[in-house]
Structures are given as structure tokens and as C-alpha cells.
Amino acid sequence: MNPCLTLSELTEFLDGAFPSETRASLGSVVGVQAGRVRMTLDPNASMGRPGGIVAGPTLMALTDVAAYAVIIAHHGRKEMAVTNGLSISFLRACKMETIIADARLLKLGRRLATVDVRVWQGNEEHLIAQATVGYSLP
């Protein structure tokens with residue numbers, strides 16, 4: 001399935017859809033391909049937890065936004081798409097370094113979408129987290 005929004009159009013949409021004061025903490029779109037979106041996030045100190053690692057809620061937010069982004073990129077500018085389920089497995093500690101989230105559409109129907117999101121740093125083979133995210137579509 002080919003995207004209906006370009007990288008710049010998707011970025012512009014996300015910038016308008018989320019409050020400006022929180023947008024920077026939700027990651028940046030760096031790639032849009034058929035059935036896929038890649039986002040990155042450079043964590044800051046407010047996203048950390050004891051032990052110098054990134055907190056789980058930060059990873060969940062990036063995962064959810066990446067899933068939303070891949071749906072919007074392929075379904076069109078539909079702001080009312082909402083998460084109806086998010087199951088995440090944290091596989092290893094996330095360092096305070098650039099985080100990459102790869103979101104891949106598993107199914108994009110008329111009313112529901114299912115997305116696989118894989119989160120990693122440095123090496124795609126060593127995942128930090130993996131999530132399955134479901135969205136209800138307007």
C-alpha cells in the first residue's frame with residue numbers, strides 16, 4: 001500500500017495535530033514508505049528514570065505516535081483516529097541515545113487498523129521494545 005502523504009505533509013499534519021509544547025517530545029518522522037513510517041526521538045533528561053535509562057511511558061508515547069503516523073500517512077488526514085489497544089513488550093533497557101521506531105501496517109481496514117511497531121537503538125536486531133497497536137478509524 002502506497003502512502004497518500006509525503007514526509008513533509010505528514011510532519012506538517014502531526015505538528016498541527018499535537019500541542020506545540022508536547023510535540024518535540026513525541027519524535028520526528030524521518031521516513032515514509034509503502035506500508036511503513038520511521039520516527040526518531042532524541043531523549044532528554046525529563047524522559048529518564050533511575051539508572052540513566054529512558055522511561056517506559058516515553059517509549060509508549062513514541063510507539064503510539066508512530067502507529068498514528070503510519071495510519072495517517074496511508075489513510076489520509078483523519079484526526080479522529082484513536083488508539084483502541086496497545087500491547088507492548090519491553091525487551092531491554094533503552095539508553096539516553098537516539099531511539100528509532102519503525103511502524104508497519106499489518107492491516108488497514110475501513111474501521112480498524114493494526115500496526116506493528118519495533119523500537120531500537122543502534123542495531124535493528126537488538127530491539128528495545130515491540131508493540132502491536134490497534135486504532136479505530138472515523
Side-chain angles (χ1 to χ4, degrees):
M1 167 177 279
N2 289 322
C4 56
L5 297 180
T6 65
L7 175 71
S8 61
E9 290 169 334
L10 180 59
T11 298
E12 180 183 330
F13 176 84
L14 293 175
D15 288 347
F18 292 96
S20 59
E21 58 272 4
T22 60
R23 180 65 189 99
S25 66
L26 299 174
S28 301
V29 179
V30 295
V32 177
Q33 300 176 354
R36 297 175 185 264
V37 163
R38 177 172 283 183
M39 294 186 69
T40 62
L41 175 67
D42 290 315
N44 59 45
S46 72
M47 299 172 184
R49 60 168 279 194
I53 60 175
V54 177
T58 298
L59 297 174
M60 290 177 76
L62 175 61
T63 297
D64 192 35
V65 173
Y68 182 67
V70 75
I71 292 166
I72 296 300
H74 292 80
H75 190 255
R77 299 172 187 258
K78 310 266 194 276
E79 292 182 20
M80 292 304 297
V82 293
T83 309
N84 68 13
L86 191 155
S87 175
I88 190 166
S89 295
F90 298 103
L91 305 172
R92 56 179 46 88
C94 182
K95 301 173 191 169
M96 296 295 285
E97 300 171 0
T98 299
I99 305 164
I100 299 164
D102 286 322
R104 182 173 60 98
L105 283 172
L106 298 177
K107 180 182 189 300
L108 181 60
R110 289 186 328 202
R111 305 300 274 156
L112 296 173
T114 305
V115 180
D116 174 68
V117 182
R118 294 170 188 250
V119 180
W120 53 280
Q121 291 176 309
N123 183 343
E124 289 182 67
E125 301 301 316
H126 298 283
L127 295 179
I128 292 165
Q130 185 280 326
T132 302
V133 186
Y135 263 78
S136 294
L137 305 175

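Counting only heavy atoms from C-beta outward, the side chains of Cys94 and Leu59 approach each other to under 4.5 Å. In this structure, Leu112 and Lys107 have side chains that are not in contact, with every pair of non-hydrogen atoms separated by 4.5 Å or more. Contact of the Leu41 side chain with the Val54 side chain is not registered, since no non-hydrogen atoms from C-beta on lie closer than 4.5 Å. Taking 4.5 Å as the limit, some side-chain heavy atom of Leu10 sits within range of a side-chain heavy atom of Ile72.
Distance alone, capped at 3.5 Å, is enough to place a donor-acceptor pair between the Arg92 side chain and the Leu127 backbone. Gln121 contributes a side-chain N or O that, together with a main-chain N or O of Lys95, makes up a donor-acceptor pair within less than 3.5 Å.
Within the structure, the side chain to side chain donor-acceptor pair (under 3.5 Å) test picks out the following pairs touching residues 126-138 (sequence neighbours left out): Asp64-Tyr135, Thr83-Tyr135, Asn84-Ser136, Asp116-Gln130.
Scanning for side chain to side chain donor-acceptor pair (under 3.5 Å) contacts around Ser89 gives an empty result, with sequence neighbours left out. Every side chain to side chain donor-acceptor pair (under 3.5 Å) that Arg23 has, sequence neighbours left out, goes to Asp15.
Interatomic distance, Ile53 CD1 to Glu97 CD, rounded to the nearest 0.5 Å: 12.5 Å. For the atom pair Leu108 CG and His74 NE2, the distance stands at 8.5 Å (nearest 0.5 Å). Note that the CZ atom of Arg104 and the CZ atom of Arg118 stand 6.5 Å from one another [nearest 0.5 Å]. Taken from CZ in Arg110 to NE2 in His75, the straight-line distance is 10.0 Å, to the nearest 0.5 Å. Summarising the geometry, atom CE belonging to Met60 is positioned 5.0 Å from atom CG belonging to Leu86; distances are rounded to the nearest 0.5 Å.
The shortest non-hydrogen separation linking Ala103 to Val117 is CB-CG2, 4.0 Å. The minimum heavy-atom distance linking Ala113 with Ile71 is given by the pair CB-CD1, 3.7 Å. Closest approach of Ala93 to Ile128, counting heavy atoms only: O-CG1, 4.3 Å. Between Val37 and Ala73, the shortest heavy-atom contact is CG2-CB, 4.1 Å.
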Let me see the working for Leu5 and Val32 under side chain to side chain contact (heavy atoms under 4.5 Å, CB included), right down to the final yes or no. CA-CA 8 Å; Leu5 297 180; Val32 177; over 6 Å; no
Stepwise side chain to side chain contact (heavy atoms under 4.5 Å, CB included) test for Val30 and Met39: CA-CA 5 Å; Val30 295; Met39 294 186 69; 5.9 Å; no
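Taking the six-membered ring where tryptophan is involved, the planes of Phe18 and Tyr68 are perpendicular, since the angle between them exceeds 60° and thus also 30°.
Under the 4.5 Å side-chain contact rule for hydrophobic residues, Trp120 and Ile88 do not share a cluster. Cluster membership for Phe90 and Ile100, using ILVMFWY side-chain heavy atoms within less than 4.5 angstrom, is not shared.
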